[in-house]
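Structure first, commentary second.
Sequence lines set the chain letters: A, B, ... in the order given, protein chains first and strands last, and positions in each chain run from 1.
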Number of protein chains: 2
Amino acid sequence: MTSRPSNSPRKEQIINIAKNLFRERGYSATSMRDLASAVGIEAASLYNHIKSKNEILEWIVFGMAEEFFAAIRPLENRQDTPEMLLPVYIEAHIGVIVTHMDAAAVFLHEWRHLEPKSLQRFIQQRKSYESKFVEVVQRGIDCRQFQEVEPDFHVMLLFSSMNWIYDWYKEDGPLSPEEIAKQIADLFLHGLSNNRIGQ
Amino acid sequence: MTSRPSNSPRKEQIINIAKNLFRERGYSATSMRDLASAVGIEAASLYNHIKSKNEILEWIVFGMAEEFFAAIRPLENRQDTPEMLLPVYIEAHIGVIVTHMDAAAVFLHEWRHLEPKSLQRFIQQRKSYESKFVEVVQRGIDCRQFQEVEPDFHVMLLFSSMNWIYDWYKEDGPLSPEEIAKQIADLFLHGLSNNRIGQ
DNA sequence: TATCTTTACGAACGTTCGTTAGTTATGACT
DNA sequence: AGTCATAACTAACGAACGTTCGTAAAGATA
């Protein structure tokens, strides 16, 4: 539907470097001259490949949005119980984050610099994505696998836990993405306390 | 030790408005002219009250840091069990956030625009603050009230859950800060699942 | 060889940035 | 009445901003 980020390798390179700079310094604090110099060309030359600075942000943000949707799309028709399904959703979401750390940080922090039209689309898409997680939790409550909690609230907490991973995750750290996902799923399902049954 | 934000009401007003603008648009995307116009004076007049734009950021960030430390200071010598203490820490931290929403958002998002010296001090203070939570969890593990988890990791998750509250909390919403704190504490201690004992 | 497209460049545009300088009105203290 | 500090103003600084322009080199196509 939306066209791909690029067929040109140069454009792809520009966007990739922008992901890193926007993440490190923020969108507003990154100048086109900064970006150009990191690419190895002059600022003016960027405009042979991209239309504007803001367009780069759009590529990054909506590219990530698509990644998130794509990751959970194959899960939506599963018949598993909510208790089994939630960890799978969690692993999918975390998988996207850790394989696109820079872009994830930009997606989560810099979206407010989108222009009004794109901003509106972004908020809409995010809402739609979040609601898919809420659904799972709601089903868990309905069939009494989960406690009677406020699903929106708990999904907020869940996203908070997952979305700050980019802030501390190291590829060579002690935990793999799958282990992180399992830990978070366990935490949300069972908590920290020792006085519980089940595993 | 560090002098107070201000004795002048004008300076206080400038900083308060800056908290809101920095939160809404980000530090870099907020100009001194934006700030001045929100205050109702000219940009140049700001400099009768503050030394520089970056100094404003410092006031905000380190003011919040002090709030966080002050909130847990009275808890540090308590003799409670970790299971009882952790919720109190959580409530203290959340209390600071919800009573300083704008400043909290700036504290959490805009600290990287501090200048090197202040940046270093910030990171150091944050580490020190986080470690106080880690200690509680570690004690919980030591006395077998908590499962044998990685305390740093779980404290990260805890902070993630707490620190994104500014993103969705509404003063007139359904949950009070104390209820939010209790929910988060319950979640981390007991999880979502229904197959558990104790409460 | 002639033509066209791509991608780089240097120069420059108009705007905005944070900040400084110089000045003036106000009001408090002597 | 005279002095002084405060806090506002207008004007302006030099630098940096995103972006546009005209052009030139290189490579593909014919």
TODO: To the nearest Å, give me how far apart CD1 (B:Ile41) and P (D:dT6) are.
DONE: 16 Å
- [ ] Answer whether the closest heavy-atom distance between the side chains of B:Glu76 and B:Tyr89 falls below 4.5 Å.
- [x] yes
- [ ] Answer yes if the side chains of B:Gln13 and B:Arg10 hold a donor-acceptor pair under 3.5 Å, and no otherwise.
- [x] yes
Open item on the list: Walk me through whether B:Phe122 and B:Phe107 qualify under ring pair (Phe, Tyr, Trp, His ring centres under 6.0 Å).
Closed with: CA-CA 10 Å; B:Phe122 168 84; B:Phe107 175 86; 5.3 Å; yes
Task: Donor-acceptor side-chain pairing of A:Glu12 and A:Asn16 below 3.5 angstrom - done: no
Open item on the list: With a 4.0 Å cutoff (strictly under), does any side-chain N or O of A:His49 reach OP1 or OP2 of C:dT6?
Closed with: no
TODO: Determine whether the aromatic ring centres of A:His100 and A:Phe68 lie less than 6.0 Å apart.
DONE: no
Open item on the list: Is it the case that the side chain of A:Lys182 and the backbone of A:Pro87 share a donor-acceptor pair, with hydrogens and angles ignored and the cut-off at 3.5 Å?
Closed with: no
Task: Side-chain N,O (A:Ser45) to OP1/OP2 (C:dT7) below 4.0 Å - done: no
Give each protein N/O atom lying under 3.5 Å from an N/O atom of nucleotides 12-18 of chain D, with the pair distance.
| from | atom 1 | to | atom 2 | distance (Å) |
| --- | --- | --- | --- | --- |
| D:dC17 | OP1 | A:Ser31 | OG | 3.4 |
| D:dG18 | OP1 | A:Thr30 | O | 3.4 |
| D:dG18 | OP1 | A:Lys53 | NZ | 2.9 |
| D:dG18 | OP2 | A:Met32 | N | 2.8 |
| D:dG18 | N7 | A:Arg33 | NH1 | 2.9 |
| D:dG18 | O6 | A:Arg33 | NH2 | 3.0 |

Open item on the list: Rounding to an integer number of Å, can you tell me how far B:Ile50 CD1 sits from D:dT6 C1'?
Closed with: 16 Å
- [ ] Find the distance between CD (A:Gln183) and CD1 (A:Ile94) and round it off to the nearest 0.5 Å.
- [x] 10.5 Å
TODO: Round to a whole Å and report the spacing from CG of A:Leu46 to C1' of D:dC21.
DONE: 16 Å
List, one per line, each side-chain donor-acceptor pair under 3.5 Å for residues 28-38 of chain A, sequence neighbours excluded.
| from | atom 1 | to | atom 2 | distance (Å) |
| --- | --- | --- | --- | --- |
| A:Ser28 | OG | A:His113 | NE2 | 3.4 |
| A:Thr30 | OG1 | A:Leu21 | O | 3.4 |
| A:Thr30 | OG1 | A:Gly26 | O | 2.7 |
| A:Ser31 | OG | A:Arg33 | N | 3.3 |
| A:Ser31 | OG | A:Asp34 | N | 2.9 |
| A:Ser31 | OG | A:Asp34 | OD1 | 3.4 |
| A:Ser31 | OG | A:Asp34 | OD2 | 3.3 |
| A:Asp34 | OD2 | A:Arg25 | NH1 | 3.2 |
| A:Asp34 | OD2 | A:Ser31 | N | 3.1 |

Task: OP1 or OP2 of D:dA8 under 4.0 Å from side-chain N/O of B:Arg10 - done: yes
Task: Euclidean distance, atom CD of residue A:Glu42 to atom P of C:dC9 [Å, nearest integer] - done: 5 Å
Open item on the list: I'd like to compare against my own output: the B/S/- annotation of nucleotides 21-29 of chain C with a strict under-4.0 Å heavy-atom distance to protein.
Closed with: B--------
